Structures are given as structure tokens and as C-alpha cells.
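See below for the structure under consideration.
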Protein chains: 2
Amino acid sequence: MDTIVLVGYIAGVLTTTAFVPQVVRAWKLKETRDLSLAMLILLAVGIFLWTCYGFWTASLPIIVANVITFVLILVLLGLKIRYK
Amino acid sequence: MDTIVLVGYIAGVLTTTAFVPQVVRAWKLKETRDLSLAMLILLAVGIFLWTCYGFWTASLPIIVANVITFVLILVLLGLKIRYK
């Protein structure tokens with residue numbers, strides 16, 4: 001694997017796992033007031049479209065990264081609605 | 001432009017502009033307690049690497065989307081540190 005592809009994979013892992021500590025924080029604090037609902041909705045729609053793009057272009061890394069991120073954003077949306 | 005590429009562009013615009021309402025919210029509320037610092041740091045590093053990937057692969061859409069997102073995440077990090 002060349003360096004450029006490796007950097008792409010590391011970037012994908014980081015921007016996907018980034019939402020894990022946010023889910024943990026919202027879960028623990030039971031507070032989501034400072035989280036923007038508009039951000040979560042835009043991210044959910046955007047990441048859903050990225051997933052479609054991944055399927056259409058048969059790009060497994062894009063599919064995997066975006067399916068995981070999509071689930072995390074849905075969990076955050078649920079917590080936002082529950083603890084608003 | 002075919003449908004797949006168009007969906008990719010729309011996805012990119014959505015996941016980039018998603019952080020604008022979050023910046024506005026943090027700015028207005030002067031509160032960032034519910035935002036995860038770990039999320040912001042992981043996103044900043046990940047998006048920086050996506051930008052490098054964009055330059056190396058000479059992909060203008062990846063460069064543009066990630067430079068804008070990177071600046072928005074840096075602003076959020078600044079607000080997080082200021083209003084923690």
C-alpha cells in the first residue's frame with residue numbers, strides 16, 4: 001500500500017471514530033443542549049449520500065466508513081431528541 | 001455531470017456546511033460543554049489528513065471541502081477552549 005492510500009485510510013478512520021467520544025459524552029452527561037440539531041441533520045443526510053456514492057462506485061472503504069459514521073450520527077440524533 | 005458525481009458533490013457540500021450551524025450555536029450560546037474535545041481533535045487531525053490526500057491526488061473537490069471544514073473545526077476548537 002503506498003503512502004497516499006495509507007494516509008487516506010488513516011484520515012477515514014479518524015473522521016469516523018471522532019464521533020465515538022461525542023456519543024459517549026452525550027450518553028454520560030445526558031445533555032445535548034450545545035450540540036446543533038441542524039449539524040446532526042445535515043451530517044446524517046450528507047453521510048447517507050456518501051454511503052450511496054460508495055455503493056454506486058463500489059468503493060468498500062467509503063461504504064464501511066460512512067455506514068459506521070451514519071449509525072453514530074443517528075445515535076447522536078436520538079440522544080439530542082431525548083435530552084434536548 | 002452524471003448522477004453519481006452529482007450525489008458526491010451534494011454529499012460533500014452537506015457534510016462541509018453541517019459545521020456552520022454548530023459554530024453559530026457555540027458562538028451564540030457561549031457554551032460548549034456538551035461538545036466533545038476528543039471529537040474536535042480527531043476531526044481536526046482527520047480532516048487535515050484528508051486535505052493532504054486531496055493535494056497528493058490533485059483532487060480539487062476533496063481539497064476545497066476539507067480546507068473549509070478544517071477551518072470550521074479549528075473555530076469550534078477555539079470556542080471549545082474559550083468557553084469550556
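In this text, all values refer to a predicted model and were calculated from it rather than measured experimentally. The chains referred to below are lettered A, B, ... by the order of the sequence lines, with proteins before strands, and numbering in each begins at 1.
- Ranked by heavy-atom pairs under 4.5 Å with chain A, the first of B:Val7, B:Leu14, B:Thr17, B:Asp34 is B:Asp34.
- One hydrophobic cluster holds both A:Leu49 and B:Tyr9 under the rule that ILVMFWY side chains link at heavy-atom gaps under 4.5 Å.
- Judged by distance alone, the side chain of B:Lys80 and the main-chain N or O of B:Thr32 form a donor-acceptor pair under 3.5 Å.
- Across all non-hydrogen atoms, the minimal contact from B:Arg33 to A:Glu31 is NH2-CG, 3.3 Å.
- Only the side chain of B:Leu29 comes within contact range of chain A, with at least one heavy atom under 4.5 Å from a heavy atom of that chain.
- Within residues 59-74 of chain A, no residue approaches chain B closer than 4.5 Å by heavy atoms.
- Among the candidates B:Ala18, B:Gly46, B:Gly8, the residue making the largest number of heavy-atom pairs closer than 4.5 Å to chain A is B:Ala18.
- In terms of non-hydrogen atom pairs under 4.5 Å with chain B, the most contact-rich of A:Leu43, A:Val20, A:Val45, A:Leu40 is A:Leu43.
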### Message
Could you walk me through whether A:Trp50 and A:Tyr53 satisfy the ring pair (Phe, Tyr, Trp, His ring centres under 6.0 Å) test, starting with their C-alpha distance in whole Å, then the side-chain angles of each, then the deciding distance to 0.1 Å, before giving a yes or no?
### Response
CA-CA 5 Å; A:Trp50 274 129; A:Tyr53 182 85; 5.6 Å; yes
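- With rounding to the nearest 0.5 angstrom, the CZ atom of A:Arg82 is 6.5 Å from the NZ atom of A:Lys30.
- Counting heavy atoms from C-beta outward, A:Phe19 and B:Leu42 have side chains that stay 4.5 Å or more apart.
- In this structure, chain A has no heavy atom under 4.5 Å from any part of B:Lys28.
- For B:Phe48, the CZ atom sits in a loose shell: 12 or fewer heavy atoms of surrounding residues, nucleotides or ligands are nearer than 6.0 Å.
- For A:Tyr83, the OH atom sits in a packed shell: over 12 heavy atoms of surrounding residues, nucleotides or ligands are nearer than 6.0 Å.
- Nearest heavy-atom pair, A:Met39 versus B:Pro21, reported as atom, atom and distance to 0.1 Å: N-CG, 3.8 Å.
- Residue with the most contacts toward chain A among B:Gly12, B:Ala38, B:Cys52: B:Gly12 (heavy-atom pairs, distance under 4.5 Å).
- For B:Ala26, no part sits under 4.5 Å from any heavy atom of chain A, backbone or side chain.
- Between B:Leu35 and B:Gln22 there is a side-chain heavy-atom pair separated by less than 4.5 Å.
- When heavy atoms are compared at a cutoff of 4.5 Å, A:Thr15 approaches chain B by way of both its backbone and its side chain.
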